Amino acid sequence: MKNKLYLILIFIFLIIIMINILVFAHKVIIFAYVEGDIVYTESYFSDGKKCIDSKIEVFDSQGNKLLEGITDENGEFSFKTPQEEGDLKIVLTAGMGHRAEYSISADEIRGSTGLIKEEPVSLISPETSLVDLKEIQSIIEGTLDEKLKPIMREMIEIKKSQEDKISPTEIIGGIGYIIGIFGIIAYFLSRKK
C-alpha cells in the first residue's frame with residue numbers, strides 16, 4: 001500500500017513540474033510606442049512567433065475601456081491617441097490564457113505629440129551663430145531621449161524576463177535529480193523486501 005502511495009505522490013509531483021515548465025516555455029510579450037498622435041503595438045511570443053489575430057484592449061488610468069482591436073499578420077496594431085488625458089494600459093489577449101500588459105505614461109503621449117509645434121519657418125541667414133547650432137543640438141538630443149525612453153524600458157523588461165527564463169540545462173539537470181530521487185526511493189523500497 002505504501003509503495004502505491006509513494007508512486008502516486010511522485011507521479012503528481014512530476015505532473016506539477018511538467019506543467020510549470022510548459023507555462024514558462026511560451027510567454028507572450030507586447031511592446032508599444034508613440035509616434036506623433038499614433039500608438040503602435042507589436043505582439044509576439046517568447047519564441048519570436050507573432051501574435052496573429054489576437055485581441056488588444058486599451059484602457060485609461062481609471063480602468064475604462066477606450067477601444068479594442070485585433071492584431072494583423074505581423075502581430076501589430078495601431079490606433080490614434082485618445083483625447084483623454086492620463087496613462088494608457090494596453091492589454092493583449094492571445095488565447096489559451098496568454099495575456100500581457102503594457103503601460104504608456106501620459107508624459108510619453110504628451111511628449112511625442114507636443115514636440116513638433118507648427119510655427120512659420122524662417123530661412124536661416126548666413127550669420128547663424130554657433131549658439132543657435134548648440135540650441136538645435138540640445139533640442140534634437142532632448143527629442144531623441146524622449147523617443148528612446150520606451151525602447152530602453154522595454155529592453156530592461158526583456159533583460160529581466162530572460163533572467164527568469166529556465167534554460168535547457170536546468171531542465172535536464174532537474175530531470176536528472178528526479179531520476180536520482182527515484183533511484184534512491186527504489187533502492188530503499190527493495191531493501192525492505
Side-chain angles (χ1 to χ4, degrees), residues 15-121 135-167:
I15 290 174
I16 291 171
I17 288 176
M18 293 306 290
I19 289 172
N20 284 337
I21 290 172
L22 293 174
V23 166
F24 288 117
H26 208 65
K27 184 179 176 185
V28 69
I29 301 167
I30 183 169
F31 174 69
Y33 58 95
V34 182
E35 258 185 35
D37 62 346
I38 305 289
V39 177
Y40 296 93
T41 68
E42 297 176 12
S43 309
Y44 51 92
F45 291 98
S46 59
D47 62 359
K49 184 180 173 190
K50 305 290 183 183
C51 296
I52 300 171
D53 295 330
S54 298
K55 183 178 178 182
I56 300 274
E57 296 175 303
V58 180
F59 298 91
D60 64 9
S61 56
Q62 285 78 33
N64 301 318
K65 188 192 304 187
L66 302 175
L67 61 103
E68 69 178 58
I70 303 292
T71 58
D72 62 10
E73 64 275 355
N74 295 322
E76 298 173 352
F77 176 74
S78 60
F79 58 93
K80 194 170 180 87
T81 53
Q83 298 297 324
E84 290 83 6
E85 293 289 322
D87 299 346
L88 293 178
K89 180 171 78 170
I90 303 170
V91 178
L92 167 70
T93 307
M96 294 184 61
H98 293 105
R99 187 175 186 277
E101 294 182 6
Y102 192 88
S103 296
I104 299 178
S105 69
D107 293 337
E108 288 179 53
I109 296 169
R110 252 182 291 133
S112 66
T113 57
L115 289 176
I116 302 172
K117 296 178 182 152
E118 294 183 22
E119 295 178 359
V121 178
E135 288 177 20
I136 292 171
Q137 182 179 3
S138 68
I139 290 170
I140 291 172
E141 287 174 356
T143 304
L144 283 175
D145 288 343
E146 288 298 317
K147 293 286 185 180
L148 292 176
K149 275 183 188 176
I151 295 171
M152 295 302 291
R153 187 175 70 186
E154 183 65 20
M155 288 175 64
I156 291 169
E157 288 178 20
I158 289 172
K159 186 172 182 176
K160 285 181 186 177
S161 70
Q162 287 177 346
E163 290 173 357
D164 297 338
K165 196 173 184 181
I166 298 173
S167 70

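Only this structure's heavy atoms are used, side chains among them; waters, hydrogens and symmetry mates stay out. Model, not experiment: these values are computed from the prediction. By convention here, the first residue in the shown sequence is residue 1.
By the side-chain contact (heavy atoms from CB on, under 4.5 Å) test, L144 pairs with I140, sequence neighbours left out. In terms of the side-chain contact (heavy atoms from CB on, under 4.5 Å) criterion, residue partners of Q62 (sequence neighbours excluded) are, by chain and number, D60, N64. Legend: residues meeting side-chain contact (heavy atoms from CB on, under 4.5 Å) with L67, ordered by chain and number and at least two apart, are V58, F77, F79.
Using cut-offs of 30° and 60° on the angle between ring planes, the pair Y40 and Y33 is parallel.
Of the inter-residue distances, the one linking F59 atom CZ with E68 atom CD reads 8.5 Å to the nearest 0.5 angstrom. Rounding to the nearest 0.5 Å gives a distance of 12.5 Å between CD1 of I136 and CD of E141. Taken from CG in N74 to OH in Y44, the straight-line distance is 14.0 Å, to the nearest 0.5 Å. The distance from atom CD1 of I90 to atom CD of E101, rounded to the nearest 0.5 Å, is 10.5 Å.
Across T81 and I38, no two heavy atoms sit closer than the pair CG2-N, 4.3 Å. Taking every heavy atom of both residues into account, I29 and L92 meet most closely at O-CD2, 4.1 Å. Residues I70 and K55 share a closest heavy-atom pair of CD1-CA, 4.1 Å. Of all heavy-atom pairs between D87 and S105, the closest is OD1-CA, 3.3 Å. Here the shortest heavy-atom pairing between G75 and K50 reads N-CB, 4.1 Å. The nearest pair of heavy atoms linking V91 to R99 is CG1-NH2, 3.5 Å.
Judged by distance alone, with hydrogens and angles left aside, the side-chain atoms of T71 form a donor-acceptor pair with the main-chain N or O of C51 at under 3.5 Å.
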Are S43 and I56 close enough, and set up right, to give a side-chain contact (heavy atoms from CB on, under 4.5 Å), and what steps lead you there? CA-CA 10 Å; S43 309; I56 300 274; 4.0 Å; yes
